[in-house]
> 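Just dropping this structure here.
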Amino acid sequence: QLQLVESGGGLVQPGGSLRLSCVVSGSTFDYYAIAWFRQAPGSEREGLSCIRSSGGSTNYADSVKGRFTISRDNVKNTVYLHLNSLKPEDTAIYYCAAARYFCPGPVRNTYNYWGQGTQVTVSS
């Protein structure tokens, strides 16, 4: 079965940047669309962005449009999320998730596979 492992999180000051990585293994990477979600303490999981196997992408959350960018490297079997101009309210656990072929939207239960998450903390 498919496995997804996130990395790249950590502590960053407001206005700083991070690049999160999602490494996919266990199946053919090109068969899957990969999405990023996040979950802040006390909040529900929020869909951020999704990228298809062809490279086309869709952004879901208004709060991160213009600051977060998704990309894909099919040679490395990795999807990235570039976080720019970070704010304290971006503090959350960030997850990647996979669906077959197409991006189904920002709804949690439409994705079949999930990583364990990586913590992003934005604080001075």
Side-chain angles (χ1 to χ4, degrees):
Q1 64 179 346
L2 203 68
Q3 295 182 350
L4 298 89
V5 179
E6 303 95 336
S7 64
L11 176 64
V12 64
Q13 294 183 346
S17 299
L18 288 172
R19 187 181 73 169
L20 308 182
S21 299
C22 174
V23 179
V24 181
S25 62
S27 188
T28 302
F29 179 67
D30 289 350
Y31 288 167
Y32 293 91
I34 307 295
W36 285 95
F37 286 70
R38 69 181 181 185
Q39 188 165 16
S43 300
E44 295 185 348
R45 197 164 296 188
E46 176 187 26
L48 302 175
S49 186
C50 184
I51 189 164
R52 299 177 288 279
S53 61
S54 64
S57 64
T58 303
N59 296 315
Y60 298 126
D62 290 338
S63 62
V64 304
K65 289 180 180 177
R67 298 191 297 120
F68 294 2
T69 303
I70 193 169
S71 62
R72 181 174 187 136
D73 187 334
N74 289 344
V75 175
K76 297 181 178 179
N77 287 5
T78 302
V79 170
Y80 304 98
L81 187 67
H82 300 261
L83 315 179
N84 299 308
S85 301
L86 284 162
K87 305 173 182 179
E89 53 263 41
D90 294 320
T91 296
I93 301 174
Y94 285 71
Y95 300 88
C96 59
R100 183 63 70 93
Y101 297 120
F102 303 104
C103 293
V107 180
R108 179 176 179 174
N109 63 7
T110 59
Y111 293 85
N112 304 111
Y113 302 97
W114 291 85
Q116 296 298 309
T118 185
Q119 176 71 48
V120 173
T121 302
V122 184
S123 177
S124 59

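Hydrogens, waters and symmetry mates play no part in the numbers below; they use all other heavy atoms, side chains included.
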> How close do Leu20 and Gly9 get, counting heavy atoms only, and between which atoms?
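Smallest heavy-atom distance, with atoms named: CD2-N, 3.6 Å.
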> Got a second to check how far Leu83's CG is from Leu48's CG, nearest 0.5 Å?
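Rounded to the nearest 0.5 Å, the CG-CG separation comes to 8.5 Å.
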> Do Ile51 and Leu4 belong together in a cluster built from hydrophobic side chains that touch within less than 4.5 Å?
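Shared cluster, yes.
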> Would you say Tyr111 and Tyr101 are hydrophobically clustered, going by side-chain heavy atoms of ILVMFWY under 4.5 Å?
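As far as the 4.5 Å side-chain criterion goes, Tyr101 and Tyr111 are not connected within one cluster.
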> Taking C-beta and beyond as the side chain, do Glu46 and Ser63 meet within less than 4.5 Å on heavy atoms?
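In contact.
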> Can you check whether Val122's main-chain N or O pairs, donor with acceptor, with Thr91's side chain at less than 3.5 Å?
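Such a contact is found between Thr91 side chain and Val122 backbone.
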> So Val12 and Ser17, do their side chains get closer than 4.5 Å, heavy atoms only?
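With C-beta onward as the side chain, the pair stays apart.
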> With a 4.5 Å cut-off on side-chain heavy atoms, are Arg108 and Tyr95 touching?
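Of all side-chain heavy-atom pairs linking Arg108 with Tyr95, none is under 4.5 Å.
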> Please determine whether salt bridge (charged side-chain N to carboxylate O under 4.0 Å, His left out) holds for the pair Lys65 and Asp62, giving the CA-CA distance in whole Å, both sets of side-chain angles, and the decisive distance to 0.1 Å.
CA-CA 5 Å; Lys65 289 180 180 177; Asp62 290 338; 3.0 Å; yes
> Angle between ring planes, Tyr32 versus Tyr113, binned at 30° and 60°: parallel, tilted or perpendicular?
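Geometry flag for Tyr113 against Tyr32: perpendicular rings.
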> Supply the atom-to-atom distance Ile34 CD1 to Ile70 CD1, rounded to the nearest 0.5 angstrom.
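That separation rounds to 8.5 Å.
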> With a 3.5 Å distance limit and no angle check, can you tell me whether Ser49 reaches the backbone of Thr58 through a side-chain donor-acceptor pair?
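Checked: pair present.
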> When rounded to the nearest 0.5 angstrom, what distance separates CG in Asp90 from OG in Ser123?
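One finds 12.5 Å between CG of Asp90 and OG of Ser123.
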> Taking C-beta and beyond as the side chain, do Ser43 and Arg38 meet within less than 4.5 Å on heavy atoms?
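Contact flag for Ser43/Arg38 side chains = no.
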> What's the shortest heavy-atom distance between Ser53 and Asn74, and which atoms?
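Here Ser53 and Asn74 meet closest at O-ND2, 3.5 Å.
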> Look at the side-chain heavy atoms of Ile, Leu, Val, Met, Phe, Trp and Tyr, link any pair under 4.5 Å apart, and say whether Val5 and Tyr31 land in one connected group.
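Result: no, two separate clusters.
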> Could you measure the distance from the CZ atom of Arg19 to the CG atom of Asn84? Nearest 0.5 Å is fine.
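Separation between the atoms: 12.0 Å.
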> Enumerate the disulfide (SG to SG under 2.5 Å) contacts for residues 47-80, please, sequence neighbours excluded, ordered by first and then second residue.
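Passing the test, one end in residues 47-80: Cys50-Cys103.
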> Any side-chain heavy atom of Tyr94 within less than 4.5 Å of one from Phe37?
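Of all side-chain heavy-atom pairs linking Phe37 with Tyr94, none is under 4.5 Å.
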> Is the shortest side-chain heavy-atom distance between Leu86 and Phe68 below 4.5 Å?
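They are in side-chain contact.
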> Determine, using the 4.5 Å side-chain heavy-atom cutoff (strictly less than), whether Val23 and Leu18 are members of one ILVMFWY cluster.
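No; tracing contacts between hydrophobic side chains, which count when under 4.5 Å, never links both residues.
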> Indicate the ring-plane relationship of Tyr80 and His82, choosing parallel, tilted or perpendicular according to the 30° and 60° boundaries.
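Geometry flag for His82 against Tyr80: tilted rings.
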> Once side-chain contact (heavy atoms from CB on, under 4.5 Å) is applied, do any residues pair with Ser54, and if so which ones, sequence neighbours excluded?
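By the side-chain contact (heavy atoms from CB on, under 4.5 Å) rule, Ser54 matches Arg52.
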> Counting N and O atoms only, with roles assigned by atom type, does the side chain of Glu6 sit under 3.5 Å from a partner on the main chain of Gln116, one being a donor and the other an acceptor?
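Yes, the answer is positive, given that a donor and an acceptor are paired below the 3.5 Å cut-off.
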> Do Trp36 and Phe102 share a hydrophobic cluster (ILVMFWY, side-chain heavy atoms under 4.5 Å, transitive)?
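Yes, it is one cluster - the side chains of Trp36 and Phe102 are joined through contacts under 4.5 Å.
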> Is there a side-chain contact between Val24 and Val79 in this structure, where contact means two heavy atoms from C-beta onward sitting under 4.5 Å apart?
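SC-SC contact between Val24 and Val79 ruled out.
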> Might you point out which heavy atoms bring Leu2 and Ala98 nearest each other, and give the distance in Å?
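Of all heavy-atom pairs spanning Leu2 and Ala98, the closest is CD2-CB, 3.5 Å.
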